[in-house]
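Chain A is the first sequence line, chain B the second, and so forth, proteins listed ahead of strands; every chain is numbered from 1. Side-chain atoms are counted along with the backbone in the values below, which use heavy atoms only and exclude waters and symmetry mates.
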Number of protein chains: 2
Amino acid sequence: MQTLNILIADDHPIFLKGLKEVIETEEECKVVMQAVNGQEAVFALKTNRIDVAVLDIDMPRMNGLEAAQKMLEFQPQLPILLLTMHKERAPFMKALEIGIAGYVLKENAVTDVVNAIYAVVQGGNYISPEMSAYLLRKPAKTIKPVPDDKLSLLTSSERQILQKISMYKSSREIADELFISEKTVFNHRMNISKKLNLTGKNSLLRFAIEHVSTPDT
Amino acid sequence: MQTLNILIADDHPIFLKGLKEVIETEEECKVVMQAVNGQEAVFALKTNRIDVAVLDIDMPRMNGLEAAQKMLEFQPQLPILLLTMHKERAPFMKALEIGIAGYVLKENAVTDVVNAIYAVVQGGNYISPEMSAYLLRKPAKTIKPVPDDKLSLLTSSERQILQKISMYKSSREIADELFISEKTVFNHRMNISKKLNLTGKNSLLRFAIEHVSTPDT
DNA sequence: TAAAATATGGGTAGTACTACCTATAAAAAT
DNA sequence: ATTTTTATAGGTAGTACTACCCATATTTTA
């Protein structure tokens, strides 16, 4: 295998330096570009031949996810490795959408990055074992902590209206669909809000979006 | 280990029968409920003690994902195994959100289901190797071909505001956070809406929720 | 059977956002 | 150097929803 040209990006200079040294422990790996934010990384890609990009997710100006997206638009086959401090679900999902080749936790970086790099340059993929273990753990309920408990307080009419609210329908539309007065819909909304202790403008819409299972998305 | 009470659901009776026999090859496994659609499966759960649920995704009346969601509302710790014919990204992402314990391709079902069942009842997880391999392959661009196109029309100020909108913040709150006039926020909102061809009450909020990656949920 | 919850609808006031208008200064693009 | 875009902010009108008030008929619960 010939030498791998590697781009790394992280907003913490010390981590960046450490990362570079860990990577260059390998004979075949050479860090040819270092960026301190996403914008720099994207720009750097356009001015160099890069075989692998290793990006931190949490960066100012442009985060790793955005940067990765831009980089893949420019060089679709580029294997990108994302580094992150946090075991969070949302950014990982985003990374899946974008088409990231590897996802490594910073805490495991020293042991994982090199393995990950070799995995992705060969067209494979790599996810930190701790991350994948976390991802499929139960608490995907972060969004809905008390789902049925609260929903069971509602009557079927109220549930029906909540369901239509979750589809971004206006009270006028709901009224027309159910052949009732718009006023009745308002009253139902108020009753639902009171039962669920919701106040303020979009609180009911928000609850509906987060708690009502939409038939098909 | 004592006998596992298993619920299976699939709309094809022949597959259902085959699945049952494959599962019951194991001494410890007993299929105590069979459902031909999601609704039945959810109902069945409420009338029986179930240790593991194995659901097909593509079912009439209520699909496996919806059914799984309902079932977890009722019995949050239930290990659910989803079966699917297709290596698609979207339903898998949905499954991740819901909190599914295992994801098995039908083509590998015979060899995988039993392993998967044992994995999930022990609190672990299981994904068909072919599926996980596919997920991290390049062409994630097939799903959202023009996502960034639209977002890239926006200026950074507009993006910042969009991000705050997605967090259900009011224009007043956004204005205070950015030390600008509420009026300016309104103007930005209008400009964003015009750029994205959005009209009507909650269309901007909807767009924000659906297109802006929220930092941590 | 009496009381409570539910579904229906009306009134009034206030808030938040949309949808248009205008305007100015700074920055970016041509 | 001129034009365009961006960010700022104000005005006005209308719409949609919230948050209260009220009433009545039906259904459910106690």
Just the rounded figure in Å: distance from [atom2] of [N] to [atom1] of [X].
X        : N      : atom1 : atom2 : result
B/Lys201 : C/dA19 : NZ    : C1'   : 10 Å
A/Lys194 : C/dA5  : NZ    : C1'   : 14 Å
A/Asn197 : D/dA19 : CG    : P     : 12 Å
A/His188 : C/dT6  : NE2   : P     : 11 Å
B/Met190 : D/dT15 : CE    : C1'   : 13 Å
A/Gln160 : C/dT8  : CD    : P     : 9 Å
A/Ile161 : C/dT8  : CD1   : C1'   : 11 Å
B/Asn191 : C/dA19 : CG    : C1'   : 12 Å

side-chain hydrogen bond (donor to acceptor under 3.5 Å, both in side chains) involving B/Glu177 - partner list, sequence neighbours excluded |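 Scan of B/Glu177 (side-chain hydrogen bond (donor to acceptor under 3.5 Å, both in side chains), adjacent residues dropped) gives B/Lys164, B/Lys169.
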Kindly write out the residues that satisfy side-chain hydrogen bond (donor to acceptor under 3.5 Å, both in side chains) with B/Asn191, not counting sequence neighbours, or none if the list is empty.
-> none
Salt bridge (charged side-chain N to carboxylate O under 4.0 Å, His left out) assessment of A/Lys70 paired with A/Glu66 = CA-CA 6 Å; A/Lys70 292 243 182 296; A/Glu66 294 172 291; over 6 Å; no
Would you give the length of the straight line joining atom [atom1] of [X] to atom [atom2] of [Y], rounded to the nearest 0.5 angstrom?
X       : Y       : atom1 : atom2 : result
A/Met59 : A/Asp10 : CE    : CG    : 7.0 Å
A/Asp56 : A/Asn37 : CG    : CG    : 11.0 Å
A/Ile8  : A/Leu19 : CD1   : CG    : 4.5 Å

Taking D/dT12, D/dT6, D/dC20 as options, the one with an atom nearest any side-chain atom of B/Lys183 is D/dT12
What nucleotide, of C/dC20, D/dT18, C/dA7, holds the atom closest to the side chain of B/Asn187?
->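 Of all the options, the side chain of B/Asn187 is nearest to C/dC20.
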At under 4.0 Å between heavy atoms, what does A/Leu204 touch on the DNA or RNA strands: base, sugar-phosphate, or nothing?
-> sugar-phosphate
With sugar-phosphate meaning primed atoms plus P, OP1 and OP2, does A/Thr199 contact a base, only sugar-phosphate, or nothing at under 4.0 Å between heavy atoms?
-> sugar-phosphate
Residues which pass salt bridge (Lys or Arg N to Asp or Glu O under 4.0 Å) with B/Lys195, listed by chain and number, not counting sequence neighbours =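 In terms of salt bridge (Lys or Arg N to Asp or Glu O under 4.0 Å), with neighbours along the sequence ignored, B/Lys195 is linked to B/Glu158.
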Members of residues 169-180 of chain B that approach DNA chain D, where some heavy atom sits under 4.0 Å away = B/Ile180
Establish, with yes or no, whether the OP1 or OP2 oxygen of [N] is under 4.0 angstrom from a side-chain nitrogen or oxygen of [X].
X        : N      : answer
B/Thr184 : D/dA9  : yes
A/Ser193 : D/dT18 : no
A/Thr155 : C/dA7  : yes

List the steps and the verdict of side-chain contact (heavy atoms from CB on, under 4.5 Å) for B/Ile57 and B/Leu83.
-> CA-CA 6 Å; B/Ile57 287 189; B/Leu83 296 182; over 6 Å; no
Take nucleotides 24-30 of chain D nucleotide by nucleotide from the 5' end and write B, S or -, depending on whether a protein heavy atom sits under 4.0 Å from the base, only from the sugar-phosphate, or from neither.
-> -------
Quick one: which residue pairs count as a salt bridge (charged side-chain N to carboxylate O under 4.0 Å, His left out) with a foot in residues 31-40 of chain A, not counting sequence neighbours?
-> none
Would you kindly compare B/Glu182 and B/Glu158 by the position of their nearest DNA chain D nucleotide and give the one closer to the 5′ end?
-> B/Glu158
How close do B/Ile117 and B/Leu81 get, heavy atom to heavy atom, and via which atoms?
->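 Here B/Ile117 and B/Leu81 meet closest at CG1-CD2, 3.8 Å.
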